[in-house]
J.: 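The structure is given below, and queries will be raised subsequently.
Everything numeric in this text was worked out from a predicted model, so none of it was measured.
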Amino acid sequence: MNSRTAAKRTAMNNRSAEGSEGRKIGIMGGTFDPIHYGHLLAADEAHAAFGLSEVVFIPSGRPPHKANKRVTSPEDRYLMTELATVDCPYFRVSRVEIDRQGNSYTIDTLRALRAMPEYDGAQFYFITGLDAVLDIVSWKNPEEIMAMCRFVAVSRYGYSPKKMEELPEGLRTKIIPLEIPLLAISSTELRERAKSGRSIRFMVPPAVEKFIRKKSLYRNYTEE
């Protein structure tokens, strides 16, 4: 175990010893195919803006909205997320969706987290991009999701916050917009660049770039 990993685990153990009552926990869900600096910046900005104790990255196991699309294996996406976050003491990665059978629904994940002793009494902040928020009415049990956590809508390049006015008022009023420096990076673009052999340097952490190159991920990739 390297010193940075050891420091991260020590910080996590200290937080567990302090108890979860009153803690604010960020939840960063996504396919992370691959994870990139846009995801990390959003998590870090939310951590500072809301005084979060930690941000938990949760790679989806079987994303239902991508049922007809090719998705990199859960283990590879999990490992990339670990590599991308290991240097940050308040970031951690959960296997809760990867280890669960069936489609990965946010409501099921929130219920599972709520049942964990380490999160008893904690307040959840679900962090996601504005583009995903605009589609929330199609999620499973959106009203229950909103009742279980605060929803943070992170600004995304090409999406206007005014679009949230189109959401039902009961959902819209429970969403907290968060403006962050915009990075025009998307996982879709990164997959295309890796497929064609173009550089993804400075778009993903070096360890993730090395992992993608070593395993030749996305070289024969098709979106369908």
J.: Give, for atom OG1 of Thr128 and atom CZ of Arg156, the distance between the pair rounded to the nearest 0.5 Å.
T.: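 The distance works out to 8.5 Å.
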
J.: Side chains of Thr188 and Arg191: do they bring a donor and an acceptor to under 3.5 Å?
T.: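 On atom types as modelled, these side chains qualify, holding a pair under 3.5 Å.
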
J.: Would you compute the distance between atom CE of Met148 and atom CZ of Arg114 and round it to the nearest 0.5 angstrom?
T.: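 Met148 CE to Arg114 CZ: 5.5 Å, rounded to 0.5 Å.
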
J.: Taking side chain as C-beta onward, heavy atoms only, is Phe32 less than 4.5 Å from Ser60?
T.: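 Answer no - side chains too far apart.
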
J.: Output, in order, the C-alpha distance, side-chain angles, deciding distance and verdict of side chain to side chain contact (heavy atoms under 4.5 Å, CB included) for Val204 and Met80.
T.: CA-CA 10 Å; Val204 300; Met80 285 190 285; over 6 Å; no

J.: If a pair satisfies salt bridge (charged side-chain N to carboxylate O under 4.0 Å, His left out) and one of its residues is in residues 103-112, list it, with sequence neighbours excluded.
T.: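 Sorted pair list: Asp108-Arg111, Asp108-Lys140, Arg111-Glu144.
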
J.: Looking at Val152, Leu52, Ile127, Leu110, which one forms a side chain to side chain contact (heavy atoms under 4.5 Å, CB included) with Ile27?
T.: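 The side chain to side chain contact (heavy atoms under 4.5 Å, CB included) with Ile27 is passed solely by Leu110 among Val152, Leu52, Ile127, Leu110.
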
J.: For a salt bridge (charged side-chain N to carboxylate O under 4.0 Å, His left out) check, start with the C-alpha distance between Lys24 and Glu54, then their side-chain angles and the critical distance, and finish with the verdict.
T.: CA-CA 7 Å; Lys24 298 178 180 179; Glu54 63 183 47; over 6 Å; no

J.: If you measure from CD on Glu82 to CZ on Arg95, what distance do you get to the nearest 0.5 Å?
T.: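 So the CD of Glu82 and the CZ of Arg95 are separated by 9.0 Å.
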
J.: What closest approach, in Å, do Ile136 and Pro142 show between heavy atoms, and which atom pair accounts for it?
T.: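 Between these two residues, the closest heavy atoms are O-CB, 3.6 Å.
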
J.: Between Tyr90 and Asp44, does any side-chain donor sit less than 3.5 Å from a side-chain acceptor?
T.: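 There is such a pair between these side chains.
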
J.: Give me the atom names and distance for the closest heavy-atom approach of Ser94 to Pro59.
T.: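 Answer, listing the atom of Ser94 first, then Pro59: O-CD, 3.4 Å.
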
J.: Do Leu41 and Pro181 have side chains that get closer than 4.5 Å, going by heavy atoms?
T.: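 Heavy-atom side-chain distance check passes, below 4.5 Å.
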
J.: Please report the closest heavy-atom contact between Ile212 and Ala194, naming both atoms and the distance.
T.: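 Scanning both residues, the minimum pair turns out to be CG2-CB, 4.4 Å.
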
J.: Using side-chain heavy atoms (C-beta onward) and a distance below 4.5 Å, is Val96 in contact with Met116?
T.: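 They are in side-chain contact.
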
J.: Quick check: do Arg201 and Pro206 have side-chain heavy atoms less than 4.5 Å from each other?
T.: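 Not touching, per the 4.5 Å side-chain cut-off.
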
J.: Write down the atom of Leu178, the atom of Glu45, and the distance for their closest heavy-atom approach.
T.: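 Leu178 and Glu45 have their closest heavy atoms at CD2-C, 4.2 Å.
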
J.: Walk me through it: do Phe211 and Leu79 pass the test side chain to side chain contact (heavy atoms under 4.5 Å, CB included)?
T.: CA-CA 9 Å; Phe211 184 88; Leu79 288 172; 4.1 Å; yes

J.: What residue pairs, at least two apart or across chains, pass salt bridge (charged side-chain N to carboxylate O under 4.0 Å, His left out) with a residue in residues 167-185?
T.: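 Qualifying pairs: none.
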
J.: Are Thr72 and Asp33 close enough that a side-chain donor and a side-chain acceptor fall under 3.5 Å?
T.: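 Indeed, the side chains of Thr72 and Asp33 share at least one donor-acceptor pair under 3.5 Å.
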
J.: Counting only N and O atoms by type, is there a donor-acceptor contact under 3.5 Å from the side chain of Arg193 to the main-chain atoms of Ser199?
T.: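 Present.
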
J.: About how many Å separate NE2 of His47 and CD1 of Ile25, when rounded to the nearest 0.5 Å?
T.: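 These two atoms lie 9.5 Å from each other.
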
J.: Provide the closest heavy-atom pair for Val154 versus Ala42 in the form atom of the first, atom of the second, distance.
T.: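 Looks like CG1-CB, 3.9 Å.
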
J.: Under 4.0 Å between a side-chain nitrogen and a carboxylate oxygen: does that hold for Lys163 and Glu166?
T.: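 Salt bridge flag = yes for Glu166 with Lys163.
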
J.: Please examine the side chains of Met164 and Pro177, heavy atoms only from C-beta on, and report whether any two atoms are closer than 4.5 Å.
T.: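 Yes, side chains in contact.
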
J.: Any side-chain to backbone donor/acceptor pair from Ser155 onto Ile180? Under 3.5 Å, distance only.
T.: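 Answer holds: yes.
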
J.: Is atom OH of Tyr159 surrounded by more than 12 heavy atoms (other residues, nucleotides or ligands) closer than 6.0 Å?
T.: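 Atom OH in Tyr159 is not packed in, count stays at 12 or less.
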
J.: Considering residues at least two apart in sequence or located in another chain, which fulfil the ring pair (Phe, Tyr, Trp, His ring centres under 6.0 Å) criterion with His36?
T.: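 With sequence neighbours excluded, His36 shows a ring pair (Phe, Tyr, Trp, His ring centres under 6.0 Å) to His39, given in chain and number order.
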
J.: Using 30° and 60° as the class limits, which term best fits the ring planes of Phe151 and Phe126: parallel, tilted or perpendicular?
T.: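 Parallel, since the angle between the ring planes stays under 30°.
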
J.: I'd like to know whether Leu167 forms a side chain to side chain contact (heavy atoms under 4.5 Å, CB included) with Ile175, so could you lay out the CA-CA distance, the side-chain angles of the two residues, the decisive distance to 0.1 Å, and finally the verdict.
T.: CA-CA 10 Å; Leu167 293 173; Ile175 298 172; 3.7 Å; yes

J.: Is it the case that the side chain of Arg100 and the backbone of Gly61 share a donor-acceptor pair, with hydrogens and angles ignored and the cut-off at 3.5 Å?
T.: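 Looks like no, no N/O pair under 3.5 Å.
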
J.: Taking C-beta and beyond as the side chain, do Asp76 and Tyr78 meet within less than 4.5 Å on heavy atoms?
T.: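 Answer no - side chains too far apart.
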
J.: Nearest 0.5 Å, please: how far is CG in Leu190 from CD1 in Ile35?
T.: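 Taking CD1 in Ile35 and CG in Leu190, the distance rounds to 11.5 Å.
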
J.: Given Ile58 and Met28, is the side chain to side chain contact (heavy atoms under 4.5 Å, CB included) satisfied, shown in steps?
T.: CA-CA 6 Å; Ile58 305 180; Met28 190 83 179; over 6 Å; no

J.: I need the Leu40 CG to Cys88 SG distance, nearest 0.5 Å.
T.: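 Answer rounded to 0.5 Å: 8.5 Å.
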
J.: Does Gln123 offer a backbone N or O that forms a donor-acceptor pair with the side chain of Arg23 under 3.5 Å?
T.: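 No: the side chain of Arg23 does not pair with the backbone of Gln123.
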
J.: Decide yes or no for Phe124 and Tyr119: does some side-chain heavy atom of the first lie under 4.5 Å from some side-chain heavy atom of the second?
T.: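 Yes, close enough: below the 4.5 Å cut-off.
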
J.: Looking at Tyr105 and Pro64, what are the two nearest heavy atoms and their distance?
T.: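 Minimum heavy-atom contact is CE2-CG, 3.7 Å.
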
J.: Is a side-chain donor-acceptor pair under 3.5 Å present for Thr109 with Glu97?
T.: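 Yes, side-chain donor-acceptor contact under 3.5 Å.
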
J.: Got a donor-acceptor contact below 3.5 angstrom from the Ser216 side chain to the Arg219 backbone?
T.: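 No.
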
